[in-house]
Every structure is written in structure tokens, then in C-alpha cells.
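Below is one structure, written out as C-alpha cells, with a few remarks after it.
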Number of protein chains: 2
Amino acid sequence: MLKSSPLYRQVKGLITQSLEKGEWKPGEALPSEFELASRFKVSQGTVRRAIEEIAAENLVIRQQGKGTFVATHDVAHAQFRFLRLVPEEGSPRYPENRFLECKRLRATGKIARQLNLRSGDAVLRIRRILSFDGVPTVFDDICLPANLFKGLTLEHLLAYQGTMYALLETEYGVSMLRAEEKIRAVAADSEAAAVLNVPLGTPLLSVERLAMTFGDQPVEVRQGLYITTHFSYKNELG
Amino acid sequence: MLKSSPLYRQVKGLITQSLEKGEWKPGEALPSEFELASRFKVSQGTVRRAIEEIAAENLVIRQQGKGTFVATHDVAHAQFRFLRLVPEEGSPRYPENRFLECKRLRATGKIARQLNLRSGDAVLRIRRILSFDGVPTVFDDICLPANLFKGLTLEHLLAYQGTMYALLETEYGVSMLRAEEKIRAVAADSEAAAVLNVPLGTPLLSVERLAMTFGDQPVEVRQGLYITTHFSYKNELG
DNA sequence: AAGTGGTCTAGACCACTTT
DNA sequence: AAGTGGTCTAGACCACTTC
């Protein structure tokens with residue numbers, strides 16, 4: 001027997017579909033709870049419950065008296081959502097972003113598997129350095145499926161003001177909603193040592209990320225190498 | 001002007017206080033929603049909302065048809081809540097626990113500050129190794145305020161069946177509810193190299209944890225050194 | 001004043017577990 | 001059958017924002 005899901009979860013699905021289709025763009029307001037309630041022929045409380053779950057997943061933001069808005073990657077708040085680096089001393093600051101490379105390549109077996117592609121499909125490989133107060137701290141190696149980001153070049157990346165995820169969202173309509181990270185300690189190889197300006201063999205934090213958009217579809221693989229002498233990766237265990 | 005918090009949050013506070021006082025022990029059932037509602041002179045829906053928030057913080061577990069139960073550290077589920085190590089290949093397994101040391105010491109300034117103690121107050125220092133399939137993988141150095149765990153010895157630790165947090169909860173009534181971790185990459189020093197059986201200088205994951213009980217009172221500081229060649233620290237970014 | 005999300009209630013009914 | 005938590009509704013009122 002199939003167990004039908006509760007009404008508020010079905011409504012949640014309908015609203016999420018509309019978000020995915022782009023019925024309301026990032027930053028825009030959703031219809032009010034009463035409007036959605038009459039649209040779906042349910043009570044306001046049921047819509048409310050649906051939206052609460054969607055808000056808990058950070059897809060929308062609720063503001064009392066104003067409305068419910070589609071989340072964006074622009075806001076300051078979103079910075080520490082996907083970059084968990086905090087300084088050992090002093091207050092958090094924003095990194096400077098230096099893009100080194102954006103090349104079109106063929107996916108290796110492992111990458112293809114992670115991105116749900118076929119081996120040999122085209123991917124974009126982006127490499128960049130994040131620096132804090134002028135000190136190189138993170139070396140990122142990013143892989144994106146090329147078909148979703150046609151025409152993305154190094155020049156685009158260099159010209160854009162804001163985070164890379166904001167660019168991918170506003171220019172290509174792909175929203176990063178969730179990610180899984182696997183963290184390990186590794187020794188700096190010659191390339192990482194050169195790029196990050198540390199001795200060969202320096203212990204570095206390796207952060208492998210798989211990022212997902214709607215429907216948990218994977219759309220980004222990245223490895224970050226972090227220097228953790230003055231910064232650490234902060235995590236909360238609930 | 002003081003803004004009074006909503007009713008359900010006040011009820012949440014009252015229930016949490018009762019949990020802290022031990023009115024219901026770990027594993028026991030709370031009174032039903034209707035009983036609590038009449039006790040606090042509010043509607044069932046308000047109690048419900050309060051309990052939902054408490055459940056979201058993992059202090060209690062709700063089970064349809066059965067009741068609401070005080071959470072414990074015994075269940076398998078709790079294992080991966082506070083130990084985020086997963087194997088690169090194969091399915092998760094349980095580590096074997098080997099305690100090396102449990103000594104009474106005076107707190108250094110840094111530890112004292114983190115535990116809200118005075119410098120020089122007594123602390124317990126526990127050291128142990130976690131092994132997976134017989135392979136030493138984690139070297140933990142744990143500090144607890146001695147006054148909360150009077151009489152805790154190496155023999156107790158060796159004799160107890162179950163996780164250390166389960167012991168602290170059932171034998172000393174101190175529940176670990178939440179923790180913050182700071183993760184860095186470090187080189188194995190001579191001691192860590194010897195204990196974990198790796199070459200000097202091997203990159204290790206350093207995981208510094210501060211664990212809290214009720215009222216966000218810190219009650220444990222630990223540093224773990226993880227070998228991450230076959231395991232990685234897994235994290236979800238929402 | 002009007003519109004939004006946030007709180008609170010009361011009551012009905014459903015789904016699951018236990019007796 | 002009785003008791004628990006889970007869903008859904010309808011309506012009232014509050015808090016905040018905008019006009």
C-alpha cells in the first residue's frame with residue numbers, strides 16, 4: 001500500500017515546484033498565505049506549515065509584516081552558510097576572491113559519477129584562491145557540468161561582483177541549496193604549496209564538497225585546500 | 001521595554017527546566033500533551049509547539065501512538081551525532097574504545113576559561129584511542145570539570161559498556177546536549193605519532209570540541225586527532 | 001488603515017500502539 | 001477500546017511594515 005503524504009507536505013511540494021520553475025525569482029516575494037491557501041484550496045494553517053518547512057531548508061525567508069521571499073546567495077548571511085572558516089582570533093571578515101582558471105574539460109569517471117554525468121561529458125574546471133587580509137588561505141578546485149553553464153568564462157568570473165554562487169544563480173538560474181562535505185587532513189603537494197605559499201608537506205585541510213540544487217540533483221564538485229594555522233573550520237553539533 | 005516571549009516558548013522553558021531537574025529521567029516518557037496542557041493552563045496546541053522545539057534540539061524523542069521520551073545517549077543513532085567519522089569505502093561501523101588515562105589535574109588558563117572555571121580548579125583529563133576494525137584512528141584528549149564527576153576513575157571507564165556520554169549521563173546525571181567543533185589540519189607530534197602508529201609529521205585532523213549541557217553551560221573540552229586516510233569527517237551544509 | 005506573518009485556541013478527525 | 005502523537009480547519013487576535 002502507498003501511504004499518501006499529509007496535505008501540508010503535498011502543498012510544500014507544489015510550492016517547491018513553483019520555486020524550481022522560477023515562478024518567483026530569487027529576492028521576490030511569494031503570494032501571501034491566504035492567496036496560496038485559496039489557490040490550493042486548503043486552509044491558511046496548512047499553507048503556513050508547508051512554508052515553514054521550506055523556510056527551514058533555507059529556500060525562502062519569512063519576514064513578519066513584509067512577506068515571504070525567495071532566498072538568494074547575495075546576503076552576508078549566506079557567506080558563512082557555505083564557507084565555515086572562522087579566524088582563531090578577531091572577528092570574521094570577507095575573503096578576497098582571485099580566479100586563476102576556467103577551462104572546459106572532459107569528466108573523469110569519479111567526477112562524472114558524482115555529478116550524474118557520463119564519463120567524458122564536458123565539465124568546467126574553475127580554480128581560485130581566497131585570501132583573508134591579503135593572505136592566501138583557500139585553494140579551490142571546482143567542477144561544474146558544462147551544459148548548465150554555457151558560455152561561462154574566466155572573464156565572467158573576474159567581472160562579477162559578489163559570490164560565485166550568486167553568479168551561478170542570477171546568470172544561469174542554478175541555485176545551490178544544500179551540500180555535503182568530507183573533510184580530511186592532507187600534506188601540501190608541490191602545486192598547492194606553490195599556490196598557497198607554504199612549504200611542501202604542510203598539513204592542509206582538504207574539504208571535498210558535493211553541492212545540490214532542486215531535487216537533490218548534484219551540480220557542483222569541489223575540493224578546497226585550507227591553511228588552518230590562523231583559521232579553523234567551525235561546526236555545530238546539535 | 002522588555003518584550004515578553006510567546007506563550008509556547010515560556011511553556012518550552014518550563015518543560016526544559018523539568019528535564020534539567022530530572023523530573024523525567026532519560027528514557028522515560030513525558031506526560032501526554034493534554035496532561036501538560038492542563039498543568040500549564042494552556043491549549044494542547046501550545047504544548048505541542050513547545051515540545052516540537054524541544055524535540056528539534058534532540059532533548060526528547062516523539063513517537064506516534066507511544067509518547068514523548070527523554071533522549072538518551074545509548075541509541076545507535078546518537079553515535080553519529082557526536083562522531084562524524086565515516087569510512088571512505090564500506091558501511092559505517094562502531095569503533096572500539098581503549099581508555100589510556102584518567103587523571104585529576106589543575107586547569108590551565110585556557111581550559112578554565114572554556115569551562116567557566118577558575119584557573120587551577122580541578123579537572124579530569126581522560127585520554128583514549130578509538131579503533132576501527134583494530135586500526136587506531138582517533139586519539140582523544142578530554143577535559144571535564146572534576147566537581148561534576150566525583151569519583152570517576154579509569155576503572156569506571158574501562159568497566160562501562162556503552163559510550164562515554166552515556167556513562168556521564170546515567171552515572172552522573174550530566175547530559176551533553178550540544179557541541180561546537182573547530183577543525184584544523186596539524187602534523188603528528190612524537191606522542192600522537194607513537195599512539196596512533198603513524199610517522200612523525202603525518203597530517204592529522206585536529207577536532208577541538210566544546211560540549212554543553214542545559215543552559216549552554218560548557219562541561220567538556222576535548223581535542224581529537226583523527227587519521228583521515230581511510231575515514232573522513234562528514235558534514236552537511238543546509 | 002490595510003496587509004503581512006506570528007500566536008493561540010477549540011474542536012474534529014486520522015494513524016499508530018497498547019491493552 | 002482507549003490513549004498517544006499527527007493533521008487539518010476556522011476564527012480570533014497580536015506584532016510588524018508600509019502607505
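Naming convention: chains lettered A, B, ... in sequence-line order (proteins, then strands); numbering from 1 in each chain.
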What residues, two or more places apart in sequence or in another chain, satisfy side chain to side chain donor-acceptor pair (under 3.5 Å) together with [X]?
{"X": "B:Glu57", "result": "B:Lys12"}
{"X": "B:Tyr226", "result": "none"}
{"X": "A:Arg9", "result": "A:Glu53"}
{"X": "A:Glu89", "result": "none"}

Partners meeting ring pair (Phe, Tyr, Trp, His ring centres under 6.0 Å) with B:Phe69 (sequence neighbours left out):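 B:Phe69 satisfies ring pair (Phe, Tyr, Trp, His ring centres under 6.0 Å) with no other residue.
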Ring pair (Phe, Tyr, Trp, His ring centres under 6.0 Å) partners of B:Phe231, counting only residues at least two apart: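 In terms of ring pair (Phe, Tyr, Trp, His ring centres under 6.0 Å), with neighbours along the sequence ignored, B:Phe231 is linked to B:Phe132.
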Watson-Crick and G-U pairing of DNA chain D, under 3.5 Å, as dot-bracket with | and [ ]: ||||||||||||||||||.
Chi angles and distances behind the salt bridge (charged side-chain N to carboxylate O under 4.0 Å, His left out) call for A:Glu181, A:Arg209: CA-CA 4 Å; A:Glu181 295 194 327; A:Arg209 174 187 299 179; 2.8 Å; yes
[N] [atom2] sits how many Å from [X] [atom1], rounded?
{"X": "A:Leu36", "N": "C:dT4", "atom1": "CG", "atom2": "P", "value": "11 Å"}
{"X": "A:Lys66", "N": "D:dC19", "atom1": "NZ", "atom2": "P", "value": "10 Å"}
{"X": "A:Ile51", "N": "C:dT4", "atom1": "CD1", "atom2": "C1'", "value": "11 Å"}
{"X": "B:Phe34", "N": "D:dG5", "atom1": "CZ", "atom2": "P", "value": "9 Å"}

Members of residues 14-30 of chain B that approach DNA chain D, where some heavy atom sits under 4.0 Å away: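 DNA chain D contact set from residues 14-30 of chain B: none.
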N or O in side chain of A:Thr68 less than 4.0 angstrom from C:dG5 OP1/OP2: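 Yes, A:Thr68 has a side-chain N/O under 4.0 Å of OP1/OP2 on C:dG5.
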Protein-to-nucleotide contact annotation, 5' to 3' order, nucleotides 6-13 of chain D [B base; S sugar-phosphate only; - none; under 4.0 Å, heavy atom]: BBSSS---
Any pair counted as salt bridge (Lys or Arg N to Asp or Glu O under 4.0 Å), so long as it reaches residues 30-39 of chain B, sequence neighbours left out: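 Those involving residues 30-39 of chain B are B:Glu23-B:Arg39, B:Glu33-B:Arg48, B:Glu33-B:Arg62.
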Salt bridge (Lys or Arg N to Asp or Glu O under 4.0 Å) partners of residues 141-154 of chain B, not counting sequence neighbours, each pair once: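 Output for this query lists B:Arg125-B:Asp141, B:Arg127-B:Asp141.
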Pair listing, ring-ring contact (aromatic ring centres under 6.0 Å, His included) test, anchored in residues 143-169 of chain B, at least two apart: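 Listed once each, the pairs are B:His73-B:Tyr165, B:Phe82-B:Tyr165, B:Phe149-B:Tyr172.
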Sidechain N-carboxylate O distance under 4.0 Å for B:Glu220, B:Arg222: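 The answer is yes: the pair qualifies as a salt bridge.
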